[in-house]
Amino acid sequence: MGAQQVAERFAELYGAQPEGVWAAPGRVNLIGEHTDYNDGFVMPFALPHQALAAVSRRTDGVLRLHSAEVEGGITELRLDGLTPQGDENWTAYPAGVVWALREAGHAITGADVHLSSTVPTGAGLSSSAALEVVIALAMNDLYGLGLPRWKLARLCQRAENVYVGAPTGIMDQTASACCEQGHALFLDTRDLSQRQIPFDLAAEGLRLLVVDTQVKHAHSGGEYGKRRAGCEKGAALLGVDALRDVPYAGLDEALARLGDEEEVVRLVRHVVTEDHRVERVVDLLRSGETRAIGPVLTEGHASLRDDFRISCPELDLVVDTALATGALGARMTGGGFGGSAIVLAEATDVDTLTKAVEEAFATSGFTAPRVFEATPSPGAHRLH
(Lines give C-alpha, C1' and ligand atoms only; values in the text may rest on other atoms or scores of the structure.)
Protein backbone atom coordinates (compact mmCIF):
# COMPACT_ATOMS: atom_id res chain seq x y z
CA MET A 1 0.00 0.00 0.00
CA GLY A 2 1.44 3.36 -1.05
CA ALA A 3 1.22 6.87 0.36
CA GLN A 4 -1.74 7.83 -1.82
CA GLN A 5 -3.82 4.82 -0.76
CA VAL A 6 -3.07 5.43 2.91
CA ALA A 7 -4.02 9.10 2.52
CA GLU A 8 -7.25 8.20 0.73
CA ARG A 9 -8.22 5.74 3.46
CA PHE A 10 -7.45 8.40 6.09
CA ALA A 11 -9.82 10.80 4.30
CA GLU A 12 -12.55 8.14 4.27
CA LEU A 13 -12.13 7.56 7.99
CA TYR A 14 -11.74 11.11 9.24
CA GLY A 15 -13.44 13.23 6.58
CA ALA A 16 -10.41 15.32 5.63
CA GLN A 17 -7.01 14.91 3.98
CA PRO A 18 -4.07 14.10 6.30
CA GLU A 19 -1.35 16.66 6.89
CA GLY A 20 1.21 14.12 5.75
CA VAL A 21 2.19 10.49 5.26
CA TRP A 22 5.30 8.95 6.82
CA ALA A 23 7.05 5.57 6.51
CA ALA A 24 9.29 3.58 8.86
CA PRO A 25 10.78 0.17 8.01
CA GLY A 26 11.14 -3.10 9.79
CA ARG A 27 14.65 -4.46 10.13
CA VAL A 28 16.74 -7.57 9.86
CA ASN A 29 19.62 -7.94 12.26
CA LEU A 30 22.62 -9.21 10.34
CA ILE A 31 24.58 -10.02 13.50
CA GLY A 32 24.52 -8.98 17.16
CA GLU A 33 21.62 -10.70 18.91
CA HIS A 34 20.69 -9.94 22.54
CA THR A 35 23.71 -7.65 22.83
CA ASP A 36 21.83 -4.35 22.75
CA TYR A 37 20.53 -4.46 26.32
CA ASN A 38 24.04 -5.46 27.40
CA ASP A 39 25.51 -2.17 26.06
CA GLY A 40 27.07 -4.10 23.17
CA PHE A 41 27.30 -3.98 19.38
CA VAL A 42 24.59 -4.70 16.83
CA MET A 43 24.41 -4.60 13.04
CA PRO A 44 20.90 -4.32 11.59
CA PHE A 45 19.72 -3.05 8.24
CA ALA A 46 16.31 -1.76 7.17
CA LEU A 47 13.88 -3.86 5.16
CA PRO A 48 11.77 -2.67 2.21
CA HIS A 49 8.75 -3.67 4.33
CA GLN A 50 7.46 -0.67 6.23
CA ALA A 51 4.74 0.86 8.34
CA LEU A 52 2.95 3.84 6.81
CA ALA A 53 1.06 6.46 8.79
CA ALA A 54 -1.25 9.19 7.55
CA VAL A 55 -1.54 11.75 10.33
CA SER A 56 -3.14 15.08 11.18
CA ARG A 57 -2.93 17.12 14.38
CA ARG A 58 -5.77 17.67 16.83
CA THR A 59 -6.06 20.35 19.51
CA ASP A 60 -8.53 18.70 21.90
CA GLY A 61 -6.32 16.17 23.70
CA VAL A 62 -7.71 13.21 21.75
CA LEU A 63 -5.72 10.52 19.92
CA ARG A 64 -7.66 8.54 17.31
CA LEU A 65 -6.03 5.42 15.88
CA HIS A 66 -6.98 3.08 13.05
CA SER A 67 -5.08 0.21 11.42
CA ALA A 68 -5.72 -1.36 8.03
CA GLU A 69 -4.51 -4.69 9.40
CA VAL A 70 -6.76 -4.88 12.47
CA GLU A 71 -10.47 -5.55 12.33
CA GLY A 72 -12.67 -2.93 13.92
CA GLY A 73 -13.17 0.78 13.80
CA ILE A 74 -11.33 3.80 15.12
CA THR A 75 -9.95 3.62 18.67
CA GLU A 76 -10.29 6.93 20.52
CA LEU A 77 -8.03 7.68 23.49
CA ARG A 78 -7.68 10.73 25.70
CA LEU A 79 -4.08 11.86 26.08
CA ASP A 80 -4.56 12.62 29.77
CA GLY A 81 -5.76 9.06 30.29
CA LEU A 82 -2.78 7.24 28.73
CA THR A 83 -1.43 4.83 31.35
CA PRO A 84 1.66 2.59 31.10
CA GLN A 85 0.77 -1.11 30.65
CA GLY A 86 -2.92 -0.26 30.67
CA ASP A 87 -3.42 -1.33 27.05
CA GLU A 88 -2.76 -4.85 25.78
CA ASN A 89 -3.82 -4.11 22.19
CA TRP A 90 -1.81 -2.99 19.16
CA THR A 91 -2.75 0.59 20.02
CA ALA A 92 -0.29 0.50 22.94
CA TYR A 93 2.61 1.01 20.52
CA PRO A 94 1.52 4.27 18.85
CA ALA A 95 -0.17 5.54 22.03
CA GLY A 96 2.98 4.74 24.00
CA VAL A 97 5.05 6.97 21.72
CA VAL A 98 2.67 9.90 22.21
CA TRP A 99 2.78 9.24 25.97
CA ALA A 100 6.62 9.16 25.94
CA LEU A 101 6.82 12.43 23.98
CA ARG A 102 4.45 14.15 26.41
CA GLU A 103 6.32 12.71 29.41
CA ALA A 104 9.50 14.24 27.94
CA GLY A 105 7.83 17.64 27.96
CA HIS A 106 6.70 17.96 24.35
CA ALA A 107 3.33 19.62 23.85
CA ILE A 108 1.43 17.05 21.79
CA THR A 109 -2.25 18.04 21.74
CA GLY A 110 -3.71 15.10 19.83
CA ALA A 111 -3.77 13.40 16.43
CA ASP A 112 -5.82 11.42 13.95
CA VAL A 113 -3.85 8.44 12.64
CA HIS A 114 -4.39 5.76 10.01
CA LEU A 115 -1.73 3.05 9.86
CA SER A 116 -0.91 0.34 7.35
CA SER A 117 2.07 -2.00 7.55
CA THR A 118 3.71 -4.63 5.37
CA VAL A 119 6.17 -5.67 8.12
CA PRO A 120 5.29 -9.27 9.13
CA THR A 121 4.15 -9.38 12.76
CA GLY A 122 5.70 -11.83 15.21
CA ALA A 123 8.47 -12.65 12.74
CA GLY A 124 11.36 -11.01 14.59
CA LEU A 125 11.49 -8.19 12.03
CA SER A 126 10.53 -5.32 14.35
CA SER A 127 6.98 -4.64 13.28
CA SER A 128 6.39 -2.90 16.62
CA ALA A 129 9.42 -0.63 16.26
CA ALA A 130 8.26 0.38 12.77
CA LEU A 131 4.88 1.40 14.25
CA GLU A 132 6.59 3.38 17.01
CA VAL A 133 9.08 5.17 14.79
CA VAL A 134 6.59 6.17 12.12
CA ILE A 135 4.44 7.83 14.81
CA ALA A 136 7.45 9.51 16.42
CA LEU A 137 8.66 10.91 13.10
CA ALA A 138 5.19 12.20 12.22
CA MET A 139 4.82 13.94 15.58
CA ASN A 140 8.34 15.33 15.33
CA ASP A 141 7.53 16.90 11.96
CA LEU A 142 3.96 18.04 12.63
CA TYR A 143 4.71 19.57 16.00
CA GLY A 144 8.12 20.98 15.01
CA LEU A 145 9.90 19.23 17.88
CA GLY A 146 13.31 19.24 16.16
CA LEU A 147 14.42 15.98 17.77
CA PRO A 148 17.32 14.08 16.15
CA ARG A 149 16.72 10.54 14.95
CA TRP A 150 18.66 8.89 17.78
CA LYS A 151 16.55 10.72 20.35
CA LEU A 152 13.33 9.66 18.63
CA ALA A 153 14.60 6.08 18.83
CA ARG A 154 15.26 6.49 22.57
CA LEU A 155 11.74 7.78 23.16
CA CYS A 156 10.29 4.88 21.16
CA GLN A 157 12.30 2.43 23.26
CA ARG A 158 10.93 4.08 26.40
CA ALA A 159 7.43 3.66 25.01
CA GLU A 160 8.02 -0.06 24.46
CA ASN A 161 9.80 -0.65 27.78
CA VAL A 162 7.56 1.38 30.08
CA TYR A 163 4.22 1.83 28.32
CA VAL A 164 3.98 -1.54 26.55
CA GLY A 165 6.02 -3.42 29.15
CA ALA A 166 8.43 -5.22 26.80
CA PRO A 167 12.07 -5.14 28.03
CA THR A 168 13.64 -4.60 24.60
CA GLY A 169 16.92 -2.85 23.83
CA ILE A 170 17.53 0.16 21.61
CA MET A 171 18.47 -1.62 18.37
CA ASP A 172 15.10 -2.00 16.67
CA GLN A 173 14.00 1.60 16.99
CA THR A 174 17.42 2.95 16.00
CA ALA A 175 17.52 0.72 12.93
CA SER A 176 14.08 1.86 11.80
CA ALA A 177 14.94 5.52 12.38
CA CYS A 178 18.55 5.68 11.20
CA CYS A 179 19.42 2.99 8.62
CA GLU A 180 20.48 4.01 5.11
CA GLN A 181 19.85 2.31 1.79
CA GLY A 182 22.60 -0.10 0.71
CA HIS A 183 24.18 -0.16 4.16
CA ALA A 184 24.12 -2.05 7.43
CA LEU A 185 24.18 0.02 10.62
CA PHE A 186 27.05 -0.70 13.02
CA LEU A 187 25.64 0.62 16.28
CA ASP A 188 27.32 0.90 19.66
CA THR A 189 24.32 0.67 21.97
CA ARG A 190 26.20 2.22 24.89
CA ASP A 191 26.91 5.64 23.39
CA LEU A 192 24.63 5.27 20.32
CA SER A 193 27.52 6.06 17.96
CA GLN A 194 26.79 4.82 14.45
CA ARG A 195 28.70 3.80 11.36
CA GLN A 196 27.04 3.04 8.06
CA ILE A 197 28.82 -0.01 6.56
CA PRO A 198 28.34 -0.57 2.79
CA PHE A 199 26.37 -3.77 2.25
CA ASP A 200 25.52 -4.09 -1.44
CA LEU A 201 25.00 -7.81 -1.88
CA ALA A 202 23.60 -7.64 -5.41
CA ALA A 203 26.81 -6.05 -6.69
CA GLU A 204 28.72 -9.11 -5.51
CA GLY A 205 26.28 -11.70 -6.85
CA LEU A 206 24.95 -12.47 -3.38
CA ARG A 207 21.53 -12.51 -1.77
CA LEU A 208 20.28 -12.50 1.82
CA LEU A 209 17.06 -14.43 2.26
CA VAL A 210 14.69 -14.04 5.18
CA VAL A 211 12.79 -17.19 6.09
CA ASP A 212 9.78 -16.38 8.25
CA THR A 213 8.99 -19.65 10.03
CA GLN A 214 5.45 -18.44 10.82
CA VAL A 215 6.11 -19.37 14.46
CA LYS A 216 4.99 -16.33 16.42
CA HIS A 217 6.88 -14.91 19.35
CA ALA A 218 6.08 -12.21 21.89
CA HIS A 219 8.81 -10.01 23.39
CA SER A 220 6.73 -9.18 26.42
CA GLY A 221 6.65 -12.88 27.31
CA GLY A 222 8.61 -14.15 30.29
CA GLU A 223 11.47 -15.95 28.53
CA TYR A 224 12.96 -12.79 27.01
CA GLY A 225 12.84 -11.09 30.40
CA LYS A 226 14.53 -14.09 32.03
CA ARG A 227 17.45 -13.88 29.61
CA ARG A 228 17.86 -10.18 30.26
CA ALA A 229 17.74 -10.67 34.03
CA GLY A 230 20.32 -13.46 33.72
CA CYS A 231 22.66 -11.18 31.77
CA GLU A 232 22.30 -8.49 34.42
CA LYS A 233 23.07 -11.05 37.11
CA GLY A 234 26.21 -12.07 35.21
CA ALA A 235 27.39 -8.47 34.99
CA ALA A 236 26.78 -7.98 38.72
CA LEU A 237 28.67 -11.16 39.64
CA LEU A 238 31.60 -10.07 37.47
CA GLY A 239 31.57 -6.54 38.89
CA VAL A 240 31.01 -4.74 35.59
CA ASP A 241 28.35 -2.25 34.50
CA ALA A 242 27.29 -4.47 31.58
CA LEU A 243 28.52 -7.59 29.80
CA ARG A 244 29.93 -5.30 27.12
CA ASP A 245 32.74 -4.65 29.60
CA VAL A 246 33.91 -8.28 29.67
CA PRO A 247 36.79 -8.46 27.15
CA TYR A 248 36.72 -11.29 24.63
CA ALA A 249 40.34 -12.11 25.43
CA GLY A 250 39.41 -12.49 29.11
CA LEU A 251 36.26 -14.55 28.57
CA ASP A 252 37.60 -17.85 29.92
CA GLU A 253 38.77 -16.17 33.11
CA ALA A 254 35.41 -14.45 33.53
CA LEU A 255 33.49 -17.69 33.05
CA ALA A 256 35.70 -19.45 35.61
CA ARG A 257 34.84 -16.73 38.15
CA LEU A 258 31.13 -17.51 37.71
CA GLY A 259 31.69 -20.98 39.14
CA ASP A 260 28.65 -23.25 39.09
CA GLU A 261 26.21 -20.59 37.82
CA GLU A 262 25.65 -22.71 34.71
CA GLU A 263 22.83 -20.67 33.17
CA VAL A 264 24.64 -17.38 33.74
CA VAL A 265 27.81 -18.85 32.23
CA ARG A 266 25.94 -19.70 29.03
CA LEU A 267 24.36 -16.26 28.75
CA VAL A 268 27.63 -14.44 29.38
CA ARG A 269 29.49 -16.62 26.87
CA HIS A 270 26.93 -15.83 24.17
CA VAL A 271 26.93 -12.07 24.70
CA VAL A 272 30.71 -11.69 24.81
CA THR A 273 31.33 -13.90 21.77
CA GLU A 274 28.44 -12.24 19.89
CA ASP A 275 29.93 -8.77 20.38
CA HIS A 276 33.17 -10.18 18.98
CA ARG A 277 31.29 -11.62 15.99
CA VAL A 278 29.84 -8.19 15.20
CA GLU A 279 33.33 -6.69 15.13
CA ARG A 280 34.55 -9.53 12.90
CA VAL A 281 31.71 -8.97 10.43
CA VAL A 282 32.42 -5.23 10.30
CA ASP A 283 36.10 -5.91 9.57
CA LEU A 284 35.26 -8.44 6.85
CA LEU A 285 32.76 -6.15 5.11
CA ARG A 286 35.10 -3.18 5.23
CA SER A 287 37.84 -5.28 3.65
CA GLY A 288 35.52 -6.51 0.88
CA GLU A 289 35.35 -10.11 2.13
CA THR A 290 31.56 -10.35 2.15
CA ARG A 291 31.37 -14.09 1.52
CA ALA A 292 33.56 -14.70 4.56
CA ILE A 293 30.86 -13.42 6.92
CA GLY A 294 28.82 -16.57 6.24
CA PRO A 295 30.59 -18.83 8.77
CA VAL A 296 30.40 -16.04 11.38
CA LEU A 297 26.61 -15.90 10.95
CA THR A 298 26.44 -19.66 11.41
CA GLU A 299 28.56 -19.47 14.57
CA GLY A 300 26.06 -16.95 15.88
CA HIS A 301 23.20 -19.37 15.37
CA ALA A 302 24.99 -22.13 17.28
CA SER A 303 25.55 -19.73 20.17
CA LEU A 304 21.90 -18.62 20.21
CA ARG A 305 20.76 -22.24 20.02
CA ASP A 306 23.12 -23.82 22.54
CA ASP A 307 24.06 -21.03 24.98
CA PHE A 308 21.16 -18.58 24.88
CA ARG A 309 18.70 -21.40 24.12
CA ILE A 310 16.17 -19.31 22.21
CA SER A 311 15.98 -21.23 18.94
CA CYS A 312 13.22 -23.67 18.01
CA PRO A 313 12.92 -26.73 15.71
CA GLU A 314 11.70 -24.64 12.77
CA LEU A 315 14.60 -22.17 12.99
CA ASP A 316 17.14 -24.99 13.34
CA LEU A 317 15.61 -26.71 10.31
CA VAL A 318 16.03 -23.59 8.17
CA VAL A 319 19.67 -23.24 9.15
CA ASP A 320 20.55 -26.92 8.79
CA THR A 321 18.76 -27.28 5.45
CA ALA A 322 20.24 -24.10 4.01
CA LEU A 323 23.78 -25.05 4.97
CA ALA A 324 23.33 -28.56 3.57
CA THR A 325 22.10 -27.04 0.29
CA GLY A 326 25.10 -24.77 -0.22
CA ALA A 327 24.34 -21.57 1.71
CA LEU A 328 27.35 -19.51 2.75
CA GLY A 329 25.90 -18.99 6.22
CA ALA A 330 22.61 -18.91 8.13
CA ARG A 331 21.26 -18.03 11.54
CA MET A 332 18.11 -17.15 13.42
CA THR A 333 17.50 -13.42 13.76
CA GLY A 334 15.42 -11.42 16.20
CA GLY A 335 14.35 -12.15 19.75
CA GLY A 336 13.97 -15.90 19.30
CA PHE A 337 11.40 -18.55 20.22
CA GLY A 338 10.20 -18.42 16.61
CA GLY A 339 10.32 -15.66 14.07
CA SER A 340 12.78 -15.64 11.20
CA ALA A 341 16.14 -16.92 10.04
CA ILE A 342 18.48 -15.31 7.52
CA VAL A 343 20.42 -17.15 4.81
CA LEU A 344 23.43 -15.72 2.95
CA ALA A 345 23.71 -17.32 -0.48
CA GLU A 346 25.01 -16.96 -3.99
CA ALA A 347 22.32 -15.41 -6.19
CA THR A 348 22.41 -18.49 -8.42
CA ASP A 349 21.49 -20.74 -5.47
CA VAL A 350 18.41 -18.84 -4.26
CA ASP A 351 15.79 -20.95 -6.05
CA THR A 352 17.40 -24.23 -4.99
CA LEU A 353 17.71 -23.10 -1.37
CA THR A 354 14.15 -21.83 -1.24
CA LYS A 355 12.78 -25.08 -2.62
CA ALA A 356 14.89 -27.15 -0.21
CA VAL A 357 13.67 -25.22 2.84
CA GLU A 358 10.03 -25.39 1.72
CA GLU A 359 10.30 -29.14 1.13
CA ALA A 360 11.99 -29.69 4.50
CA PHE A 361 9.14 -27.88 6.26
CA ALA A 362 6.53 -29.91 4.38
CA THR A 363 8.29 -33.17 5.23
CA SER A 364 8.43 -32.19 8.92
CA GLY A 365 4.76 -31.25 8.98
CA PHE A 366 5.49 -27.60 9.77
CA THR A 367 3.47 -24.64 8.48
CA ALA A 368 4.88 -23.48 5.13
CA PRO A 369 7.48 -20.72 5.65
CA ARG A 370 7.46 -17.34 3.95
CA VAL A 371 10.72 -16.72 2.08
CA PHE A 372 11.73 -13.34 0.67
CA GLU A 373 14.85 -11.38 -0.22
CA ALA A 374 16.10 -8.74 2.20
CA THR A 375 17.46 -5.64 0.46
CA PRO A 376 19.13 -2.95 2.64
CA SER A 377 16.60 -0.12 2.43
CA PRO A 378 16.13 3.47 3.67
CA GLY A 379 15.21 4.31 7.25
CA ALA A 380 12.16 6.31 8.31
CA HIS A 381 11.17 9.23 6.07
CA ARG A 382 8.29 11.45 5.04
CA LEU A 383 6.47 10.33 1.89
CA HIS A 384 3.90 13.08 1.41
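In this text, all values refer to a predicted model and were calculated from it rather than measured experimentally.
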So does E299 pair up with R280, basic N to acidic O under 4.0 Å? yes
Look at the aromatic rings of F186 and F41 and report parallel, tilted or perpendicular, splitting at 30° and 60°. tilted
Show the numbers, then the answer: is there a salt bridge (Lys or Arg N to Asp or Glu O under 4.0 Å) between R190 and D39? CA-CA 5 Å; R190 169 164 283 170; D39 281 2; 3.1 Å; yes
Is the closest side-chain donor-acceptor distance between Q173 and E160 under 3.5 Å? yes
Around atom CD of E12, are there more than 12 heavy atoms of other residues, nucleotides or ligands at under 6.0 Å? yes
Do D141 and R382 make a side-chain contact, defined as non-hydrogen atoms from C-beta onward lying under 4.5 Å apart? yes
Could you tell me whether the side chain of T333 reaches within less than 4.5 Å of the side chain of E33, counting heavy atoms only? yes
Find the distance between CD (E69) and CG (L131) and round it off to the nearest 0.5 Å. 8.5 Å
Gap between atom CE of M43 and atom CG of L30 - 0.5 Å precision: 6.0 Å
Determine, step by step, whether Y143 and T109 satisfy the side chain to side chain contact (heavy atoms under 4.5 Å, CB included) criterion, reporting the C-alpha distance in whole Å, the side-chain angles of both residues, the deciding distance to 0.1 Å, and the verdict. CA-CA 9 Å; Y143 282 97; T109 57; 3.0 Å; yes
Side-chain heavy atoms under 4.5 angstrom apart, residues restricted to Ile, Leu, Val, Met, Phe, Trp, Tyr: same cluster for V278 and L284? yes
Looking only at heavy atoms, the pair that brings T168 and Y224 closest together is CA-OH, 3.5 Å
Report yes or no: do T290 and E204 form a side-chain donor-acceptor pair below 3.5 Å? yes
With no hydrogens and no angle check, just 3.5 Å: does a side-chain donor-acceptor pair link H270 and D306? no
So do Y14 and I74 actually touch side chain to side chain, heavy atoms under 4.5 Å? yes
Evaluation steps, ring pair (Phe, Tyr, Trp, His ring centres under 6.0 Å), between F10 and H114: CA-CA 6 Å; F10 179 98; H114 171 58; 7.6 Å; no
Here's a test for you: under side-chain contact (heavy atoms from CB on, under 4.5 Å), which of L52, L115, V21 qualifies with V134? L115
Could you point out which residue of D172, V119, L47 forms a side-chain contact (heavy atoms from CB on, under 4.5 Å) with R27? D172
salt_bridge(E223, K226) N-O dist < 4.0 Å: yes
More than 12 non-hydrogen atoms from neighbouring residues, nucleotides or ligands closer than 6.0 Å to CG on D351, yes or no? no
Please examine the side chains of Q50 and S117, heavy atoms only from C-beta on, and report whether any two atoms are closer than 4.5 Å. no
Can you see whether N89 engages T91 through a side-chain donor-acceptor pair at a distance of less than 3.5 angstrom? no
Check against side chain to side chain contact (heavy atoms under 4.5 Å, CB included), M171 and N29: CA-CA 9 Å; M171 173 181 65; N29 193 23; 3.4 Å; yes
Does the side chain of R277 come under 3.5 Å of the side chain of T273 through a donor N or O and an acceptor N or O? yes
Is there a donor-acceptor pair under 3.5 Å between the side chain of R227 and the backbone N or O of F308? yes
Would you mind checking if R207 and D349 are paired as a salt bridge, meaning a charged N to carboxylate O distance below 4.0 Å? no
Carboxylate-amine/guanidinium contact D60 R58, below 4.0 Å: yes
Please check if the number of heavy atoms outside H106 that lie under 6.0 Å from its NE2 is greater than 12. yes
Please evaluate residues H301 and L297 with respect to the criterion side chain to side chain contact (heavy atoms under 4.5 Å, CB included), reporting the C-alpha separation (whole Å), side-chain torsions for both, the decisive distance (0.1 Å), and the verdict. CA-CA 7 Å; H301 182 77; L297 302 184; over 6 Å; no
Please determine whether residues I170 and L152 belong to a single hydrophobic cluster, defined as Ile, Leu, Val, Met, Phe, Trp and Tyr linked transitively by side-chain heavy-atom distances below 4.5 Å. no
Between the CG atom in L187 and the OG atom in S193, the distance rounded to the nearest 0.5 Å is 7.0 Å
Provide the closest heavy-atom pair for G32 versus V42 in the form atom of the first, atom of the second, distance. O-CG1, 3.4 Å
Within 6.0 angstrom of E263 CD, more than 12 heavy atoms from elsewhere: no
How long is the span from the CG atom in L238 to the CD atom in E261, to the nearest 0.5 Å? 10.5 Å
Distance-only donor-acceptor check, side chains T348 and E346, under 3.5 Å: no
Are L77 and V62 side-chain neighbours, meaning at least one heavy-atom pair lies under 4.5 Å? no
Result for salt bridge (Lys or Arg N to Asp or Glu O under 4.0 Å) between R244 and one of D191, D188, D275 points to D188
Determine the minimum heavy-atom distance between L315 and G339, stating which atoms define it. CD2-O, 4.0 Å
Closest non-hydrogen atom pair between R309 and F337, with its separation: O-CE2, 4.0 Å
Taken to the nearest 0.5 Å, the spacing of T325 OG1 from E359 CD works out to 9.5 Å
Do we see a donor-acceptor contact under 3.5 Å between the side chains of D36 and T189? no
Using the rule given for side chain to side chain contact (heavy atoms under 4.5 Å, CB included), can you reason through I342 versus L209, listing the C-alpha separation, both sets of side-chain angles and the distance that settles it, and then say yes or no? CA-CA 6 Å; I342 56 174; L209 299 178; over 6 Å; no
Side chains of L101 and V97 in contact at under 4.5 Å (non-hydrogen atoms): yes
Non-hydrogen side-chain atoms of T367 and F361 separated by less than 4.5 Å: no
Please walk me through it: do D80 and R102 pass salt bridge (Lys or Arg N to Asp or Glu O under 4.0 Å)? CA-CA 10 Å; D80 290 343; R102 283 166 54 85; 3.0 Å; yes
Less than 4.5 Å apart, side chain to side chain, heavy atoms only: is that true for P198 and L285? no
Where do F199 and H183 land on the ring pair (Phe, Tyr, Trp, His ring centres under 6.0 Å) test, with the steps shown first? CA-CA 5 Å; F199 192 52; H183 292 76; 9.7 Å; no
Salt bridge between R257 and E253, side-chain N to carboxylate O under 4.0 Å? no
So which heavy atom on P25 is nearest to which on P378, and how close? CG-O, 3.4 Å
Go through it in stages, so that I can follow the logic: the residues are H49 and F372, the test is ring pair (Phe, Tyr, Trp, His ring centres under 6.0 Å), and I'd like the CA-CA distance, side-chain angles, deciding distance and then a yes or no. CA-CA 11 Å; H49 306 73; F372 59 91; 4.6 Å; yes
Tell me the closest heavy-atom pair linking S56 and E19, and the distance in Å. OG-N, 2.9 Å
